[in-house]
Amino acid sequence: SAVISQKPSRDICQRGTSLTIQCQVDSQVTMMFWYRQQPGQSLTLIATANQGSEATYESGFVIDKFPISRPNLTFSTLTVSNMSPEDSSIYLCSATGRGTGELFFGEGSRLTVL
Amino acid sequence: GESVGLHLPTLSVQEGDNSIINCAYSNSASDYFIWYKQESGKGPQFIIDIRSNMDKRQGQRVTVLLNKTVKHLSLQIAATQPGDSAVYFCAVSPRPQGGSEKLVFGKGTKLTVNP
């Protein structure tokens, strides 16, 4: 199984600022994704991070608000831009392992926006 | 599109009992189903998966059952232990022959194991 490291693990941010979350996988993976988990809720897919090209966003999520990069196979970043209290959530990086196709998750980055 | 529903948001069992967590999905074309365990403050952890060409799959102390007729999925945990206390999510791939991309997650069942 892949080990997925995210940082920061948590942060408290001011309204109107932006924060970039980094995700590093320890082995070769095929696909990388970013999910959001609002407090006490389920997981919602934000986007698929595509290596070397623009991410593919799900309905309700846009690049201006959640710019994503994936410069190589094992690293991706998610920026939460111009934050508001409604953006307070856990943001989870995930990746599918080569061969198994199983989806693994990082520990998440817990953002609180004041 | 796919929607994934939940039967019970919480479940409380005694240590040593068997636990059954249920999930319902809406799209009959859905092909791939996964159960995840999420402990407090951690990311979801893969437990077991099943494809639509099977109706049962067993792992270590866990069994997943799939009833395509009524679009129902269940996770059975044998001899539940305190370490099994967590929130359990089912996830569904809504595309035929789909994989882990674009998974739709259910709302989760919080399992509490009483000693």
Side-chain angles (χ1 to χ4, degrees), chain A residues 1-10 21 23-25 29-51 55-61 70 78 89-112, chain B residues 1-10 21-26 31-52 57 59-60 62 64 73 86-95 97-112:
Chain A
S1 62
V3 175
I4 302 177
S5 303
Q6 281 185 240
K7 59 180 181 182
S9 58
R10 58 177 63 235
I21 303 166
C23 176
Q24 178 72 56
V25 188
V29 294
T30 51
M31 303 183 78
M32 293 184 75
F33 307 91
W34 287 96
Y35 281 82
R36 182 173 72 182
Q37 186 175 26
Q38 294 177 305
Q41 301 297 313
S42 187
L43 286 76
T44 302
L45 179 63
I46 297 172
T48 302
N50 300 310
Q51 184 190 357
T56 305
Y57 290 85
E58 297 301 306
S59 176
F61 298 96
R70 187 181 174 191
L78 167 73
S89 281
I90 300 171
Y91 293 86
L92 292 150
C93 175
S94 63
T96 51
R98 279 193 182 276
T100 65
E102 293 174 9
L103 186 66
F104 300 98
F105 284 87
E107 296 291 273
S109 299
R110 183 182 294 270
L111 265 53
T112 301
Chain B
E2 174 67 88
S3 67
V4 182
L6 180 72
H7 289 241
L8 284 177
T10 61
I21 300 170
N22 297 303
C23 192
Y25 61 97
S26 64
D31 180 64
Y32 181 50
F33 308 86
I34 313 106
W35 282 100
Y36 285 91
K37 172 186 180 183
Q38 187 175 29
E39 296 174 279
S40 181
K42 296 189 175 182
Q45 177 186 1
F46 176 96
I47 302 173
I48 192 167
D49 60 359
I50 189 169
R51 286 223 171 255
S52 61
R57 191 166 185 219
Q60 187 176 17
V62 295
V64 56
L73 184 71
V87 179
Y88 290 81
F89 293 97
C90 64
V92 179
S93 177
R95 299 186 300 115
Q97 299 172 350
S100 295
E101 63 276 12
K102 294 186 181 291
L103 292 180
V104 178
F105 281 76
K107 294 190 186 305
T109 293
K110 183 175 182 179
L111 175 66
T112 302

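A note on names: the letters A, B, ... follow the listed sequences, proteins ahead of strands, and every chain is numbered from 1.
- The shortest distance between side-chain heavy atoms of B:I21 and B:W35 falls below 4.5 Å.
- Between B:F105 and B:Y36, the ring-plane angle classifies as tilted under the 30° and 60° cut-offs.
- With hydrogens and angles left out, the side-chain atoms of B:S52 and B:D31 include a donor and acceptor closer than 3.5 Å.
- Between chain B and the options A:Q37, A:R110, A:Q6, heavy-atom pairs under 4.5 Å are most frequent for A:Q37.
- Minimum interatomic distance between A:G106 and A:L92 (heavy atoms only, all atoms of both residues): O-CD2, 3.5 Å.
- Contacts of B:I34 with chain A are absent, with no heavy-atom separation under 4.5 Å from either backbone or side chain.
- Only the side chain of B:Q38 comes within less than 4.5 Å of a heavy atom of chain A; its backbone N, CA, C and O stay farther away.
- When heavy atoms are compared at a cutoff of 4.5 Å, A:E58 approaches chain B solely by way of its side chain, counted from C-beta outward.
- Contact annotation for A:L45: only side-chain heavy atoms (C-beta onward) come within less than 4.5 Å of a heavy atom of chain B.
- Only the backbone of A:Q41 comes within less than 4.5 Å of a heavy atom in chain B; its side chain stays farther off.
- Only the side chain of A:T96 comes within contact range of chain B, with at least one heavy atom under 4.5 Å from a heavy atom of that chain.
- In this structure A:S42 satisfies the side-chain hydrogen bond (donor to acceptor under 3.5 Å, both in side chains) test with no other residue, sequence neighbours excluded.
- In terms of heavy-atom pairs under 4.5 Å with chain A, the best-connected choice from B:L103, B:D49, B:V87 is B:L103.
- Across all their heavy atoms, A:N50 and A:R70 have their closest contact at O-CB, 3.6 Å.
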